[in-house]
*Asks:* 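Handing you a structure now.
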Amino acid sequence: MADQSTAYITTPIYYVNDKPHIGHVYTTTICDVWARFMRFAGKDVFFLTGTDEHGIKVEKSAKERGISPQALADENAAEFQRVLGDFDLTNDDFIRTTADYHHRQVQEFVRKLLESEAVYLGDFEGWYDEGQEEYYTETKARELDYTSPVSGRPLVIAKEKNYYFRLSAYQDRMEKLFEEQPDFVRPEARRNEVLGRLREGLADVPMSRTNFTWGIPMPNDPEHVIYVWIEALMNYATALGLGEIGGERYSQRAQYWPATFHVIGKEILWFHAVIWPAVLMTLELPLPKCIYAHSFWISEGQKMSKSLGNFIDLAAIDRYIAAYGLDSCRYFLTTQGPLGATDADFSANHFHDIYSTDLVNTVGNCASRVTAMINKYYGGAVPSESTADNRLRIADHDWPEIARRTVGQVGAAMDRFDLAGAVATALGLIRKVDGFINRTEPFKLAKDEPKSAELGAILYQCLEAVRIASLLLWPVMPRKMAELWQALGLQIDPDDGGLNELAAWGGIQPGITVIKVALFPRMEQPELTTGANA
Ligand code: ME8
């Protein structure tokens, strides 16, 4: 099981009855940023994403199209993999819940649950959301006005003989968990929601269904199919082979358990924050460290919907990538997304503003300014920052200390999954370089005292700070930062770790040649539409 050096991050597994859209790309991209950063920082990371392929919705969609559920799952899982491939995502595996190893292990886990006191056969009647395949308590159903918060369709009264998971028996353990592990659910607003619902009291939840067949049968009673939510949650454990102790997967991957972060959207928090830990407690497996539930993207100020034509689907995302480049899209998603407790608006104007302000005017401009001056005044050869052995301290800037602090703050933000905070801190280092240039005016100095020690020191320090910022920004913009490294003659493989050593002050050797870079072209705002049919 996990020690200090390993980390495990997961996305939800996505339903294959729908096409991939910005929400899926978003969650997977932010997990990718974190995974990349942690690998660079020297952790042994396992990053998992995948598809949720069973359940009545897939069965129905397949029937409508006159194909088998497996054929539909194969087609859409391939589409998800293709799309995710376009976003430079570095997931270590892509789990599909129709895989044999998942099937075997889920049955094994359910066998264990059946042996415990946690599962029983009983009658059930309740408010049911057909689209989400989720039951609601009377209180919750009333609060929702008896309509699905996801599809807007009416909830129905459903009745079935089912196996139940005795969630009610976990009330005390759950309350204790939330008390002892205050960071178990993040952000805080989401934790409070779960706590509120927890205090209303836990009701048992169905664990099996008999009204369809597309799923994994209960090992003791094949008439029943295991409830897709219980089965889907288990993917986080089956991907690591935890249901087959001693097996190949287990020997290679068990050390990653438990998850550092299960990153999800807020609509599926209850399953992850309450049901999943109760199942894990019964299976006697360690609990995840944090369930991080982000909010939603909305589009141009409104909930995304096909009828409004404002859906940020793949065709729309592709248009943004074509106009601004992939890394700009990763940057926008990471820094402007709904990482916190409020929804975030995806708007063409906002995208363009961020591109212009942060990427063109800040990152791109600063890197270009510094490399251009070194070329102009030193023919591209990096000057030294010192006279004899003394580093010149100019304009009260203790650069090594500023850089050290920045690296520490970015790491601490990443530890909390505050990706936007981490990037803002890294960008802050670039802004300090800009401020430093404006204060010290090397261009004037170059006129008065060409090649003075002070001029050399200023430019060295600017370049060094830009280099360190680029290491911190790499997880978000891997292609652009690699382009910058090439211009600076640096060979870095972040997958090999070493961030702390590389980010130590003084990494650039005076005398090496740097090329002037232009990372982000300035441009007029392009006309971009959102939905495919907008
Ligand atoms: O719920 N903004 O799958 P799913 C941000 N199979 N993120 C969004 C979003 C939006 N507007 N819309 C969706 C399922 N997402 C289950 C999960 S896990 C064991 C099973 C993202 O295909 C967000 O991460 O409906 C959300 O939780 C996920 O897509 C839901 O994907």
Side-chain angles (χ1 to χ4, degrees), residues 9-32 48-58 61 73 76-77 79-80 83-84 89 94-98 102 106 109 129 131-134 148-151 190 215-216 226-239 259 261-277 279-280 288 291-306 308 310-314 316-317 332-334 336-346 417 530-531:
I9 186 159
T10 67
T11 73
I13 45 172
Y14 306 117
Y15 285 133
V16 284
N17 58 318
D18 237 344
K19 296 274 177 229
H21 60 70
I22 183 120
H24 308 124
V25 168
Y26 173 66
T27 313
T28 322
T29 298
I30 57 179
C31 289
D32 182 67
L48 181 70
T49 187
T51 39
D52 188 356
E53 308 192 357
H54 289 128
I56 196 161
K57 281 201 271 187
V58 177
S61 309
N76 279 348
E79 174 75 355
F80 268 97
V83 168
L84 299 182
L89 303 169
F94 186 97
I95 188 169
R96 297 185 53 190
T97 56
T98 48
H102 177 73
V106 166
F109 283 142
D129 181 337
Q132 284 299 95
E133 301 183 31
E134 181 177 3
S148 161
V150 179
S151 67
R190 296 282 97 80
I216 302 181
I226 299 165
Y227 179 34
V228 69
W229 261 106
I230 298 280
E231 183 231 302
L233 288 164
M234 288 175 175
N235 92 87
Y236 302 130
T238 63
F261 285 109
H262 287 314
V263 181
I264 55 168
K266 62 185 175 184
E267 84 290 9
I268 55 175
L269 179 56
W270 185 252
F271 294 106
H272 284 82
V274 176
I275 299 179
W276 180 226
V279 167
L280 288 171
I291 313 291
Y292 194 99
H294 63 69
S295 302
F296 280 141
W297 278 106
I298 56 173
S299 162
E300 303 289 349
Q302 283 174 301
K303 191 174 172 196
M304 283 193 270
S305 88
K306 292 207 170 103
L308 284 174
N310 66 346
F311 217 87
I312 313 277
D313 59 10
L314 282 182
I317 302 171
F332 182 76
L333 292 178
T334 308
Q336 307 303 307
L339 202 59
T342 46
D343 290 346
D345 191 20
F346 196 111
F417 209 70
T530 47

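Residue numbers run from 1 in the order of the sequence given. Atoms within a ligand are numbered from 1 in the order they appear, just like the ligands themselves. The model shown is predicted, which means the values in this text are computed figures rather than measured ones.
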*Asks:* Are any of the side-chain nitrogens in Lys266 or Asp343 under 4.0 Å away from the carboxylate oxygens of its partner?
*Replies:*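 Looking at Asp343 together with Lys266, the answer is yes, because their closest N to O distance falls below 4.0 Å.
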*Asks:* What atoms in ligand 1 come closer than 4.0 Å to a heavy atom of Ala232?
*Replies:* 19 (C)
*Asks:* Return yes or no for this condition: an N or O of Asn235 is under 3.5 Å from an N or O of ligand 1.
*Replies:*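 In this structure, Asn235 places no N or O atom under 3.5 Å from an N or O of ligand 1.
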*Asks:* Write down the atom of Lys303, the atom of Pro149, and the distance for their closest heavy-atom approach.
*Replies:* NZ-O, 4.0 Å
*Asks:* Can you report which non-hydrogen protein atom sits closest to atom 8 (C) of ligand 1, along with the distance?
*Replies:*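 That would be Gly23 CA, 3.2 Å.
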*Asks:* Rounded at 0.5 Å granularity, tell me how far OH in Tyr292 sits from NE2 in His262.
*Replies:* 16.0 Å
*Asks:* Specify side chain, backbone, both or neither for Ser295, according to which of its non-hydrogen atoms lie closer than 4.0 Å to ligand 1.
*Replies:*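 Looking at Ser295 and ligand 1, just backbone atoms fall under 4.0 Å.
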*Asks:* Out of curiosity, is Tyr236 lining ligand 1, as in a heavy atom under 4.0 Å away?
*Replies:*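 Distance cut 4.0 Å: Tyr236 passes for ligand 1.
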*Asks:* Counting non-hydrogen protein atoms only, what is the nearest one to atom 24 (O) of ligand 1? Give residue, atom name and distance.
*Replies:* Thr27 OG1, 2.7 Å
*Asks:* Go through ligand 1 atom by atom and flag the ones less than 4.0 Å from a non-hydrogen atom of His294.
*Replies:*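 Here the atoms of ligand 1 in question are 5 (C), 7 (N), 23 (C), 24 (O).
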*Asks:* Using a 3.5 Å distance criterion without hydrogens, assess whether the side chain of His272 forms a donor-acceptor pair with backbone atoms of Leu269.
*Replies:*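 Side chain of His272 to backbone of Leu269, a donor-acceptor pair under 3.5 Å: no, none is there.
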*Asks:* At what distance is the nearest protein heavy atom to atom 10 (C) of ligand 1, and which residue and atom is it?
*Replies:* Phe296 CD2, 3.2 Å
*Asks:* Are any of the heavy atoms in His21 under 4.0 Å away from ligand 1?
*Replies:* yes
*Asks:* Output yes when a side-chain donor or acceptor of Thr334 lies under 3.5 Å from a complementary backbone atom of Ile30, and no otherwise.
*Replies:* no
*Asks:* What closest approach, in Å, do Arg96 and His102 show between heavy atoms, and which atom pair accounts for it?
*Replies:* O-CB, 4.3 Å
*Asks:* Pick from Thr97, Asn17, Thr98: which one makes a side chain to side chain donor-acceptor pair (under 3.5 Å) with Glu53?
*Replies:*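 With Glu53 as partner, side chain to side chain donor-acceptor pair (under 3.5 Å) holds for just one option, Thr98.
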*Asks:* Identify, by atom number and element, the atoms of ligand 1 in contact range of Trp229, meaning under 4.0 Å from any of its heavy atoms.
*Replies:*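 Heavy-atom distances to Trp229 below 4.0 Å select 17 (C), 18 (S), 19 (C), 20 (C).
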*Asks:* Closer than 4.0 Å to some heavy atom of Ile268 - which atoms of ligand 1 meet that?
*Replies:* 1 (O), 17 (C), 27 (O)
*Asks:* Please list, in number order, the atoms of ligand 1 under 4.0 Å from a heavy atom of Met304.
*Replies:*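 Near Met304, meaning under 4.0 Å from one of its heavy atoms, ligand 1 has 11 (N).
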*Asks:* Among Val263, Thr27, Thr11, Ile95, find the one that has a side chain to side chain contact (heavy atoms under 4.5 Å, CB included) with Thr49.
*Replies:*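 The side chain to side chain contact (heavy atoms under 4.5 Å, CB included) with Thr49 is passed solely by Thr11 among Val263, Thr27, Thr11, Ile95.
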*Asks:* Mind listing the closest non-hydrogen atom pair of Ala344 and Gly337 along with its distance?
*Replies:* CB-C, 3.7 Å
*Asks:* Out of His24, Lys303, Glu267, whose heavy atom is nearest to atom 30 (C) of ligand 1?
*Replies:*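 Comparing heavy atoms across His24, Lys303, Glu267, the nearest one to atom 30 (C) of ligand 1 lies in Glu267.
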*Asks:* Using a 4.0 Å cut-off to any heavy atom of Trp297, which atoms of ligand 1 qualify?
*Replies:*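 So the answer, numbered in order with elements, is 2 (N), 5 (C), 10 (C), 11 (N).
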*Asks:* For ligand 1, which atoms sit closer than 4.0 Å to a heavy atom of Tyr15?
*Replies:* 1 (O), 3 (O), 4 (P), 6 (N), 14 (C), 16 (C), 22 (O), 25 (O)
*Asks:* Is Tyr14 in polar range of ligand 1, meaning some N or O pair under 3.5 Å apart?
*Replies:*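 It does not: no N or O of Tyr14 is found under 3.5 Å from an N or O of ligand 1.
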*Asks:* How close do Ile264 and Tyr236 get, heavy atom to heavy atom, and via which atoms?
*Replies:*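 Taking every non-hydrogen atom into account, CG2-OH, 4.3 Å.
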*Asks:* With a 4.0 Å cut-off on heavy atoms, does Ile13 reach ligand 1?
*Replies:*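 Yes, Ile13 has heavy atoms under 4.0 Å from ligand 1.
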*Asks:* Identify the heavy atoms of Leu333 and Tyr26 that sit nearest to each other, and give their distance.
*Replies:*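 Scanning both residues, the minimum pair turns out to be O-CE1, 3.2 Å.
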*Asks:* Within ligand 1, which atoms have a heavy atom of His272 less than 4.0 Å away?
*Replies:* 18 (S), 19 (C)
*Asks:* Using a 3.5 Å cut-off on N or O atoms only, is Gly265 in polar contact with ligand 1?
*Replies:* yes
*Asks:* With ring centroids as reference points, do Phe332 and Trp297 lie under 6.0 angstrom apart?
*Replies:*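 So the answer is yes for these two rings.
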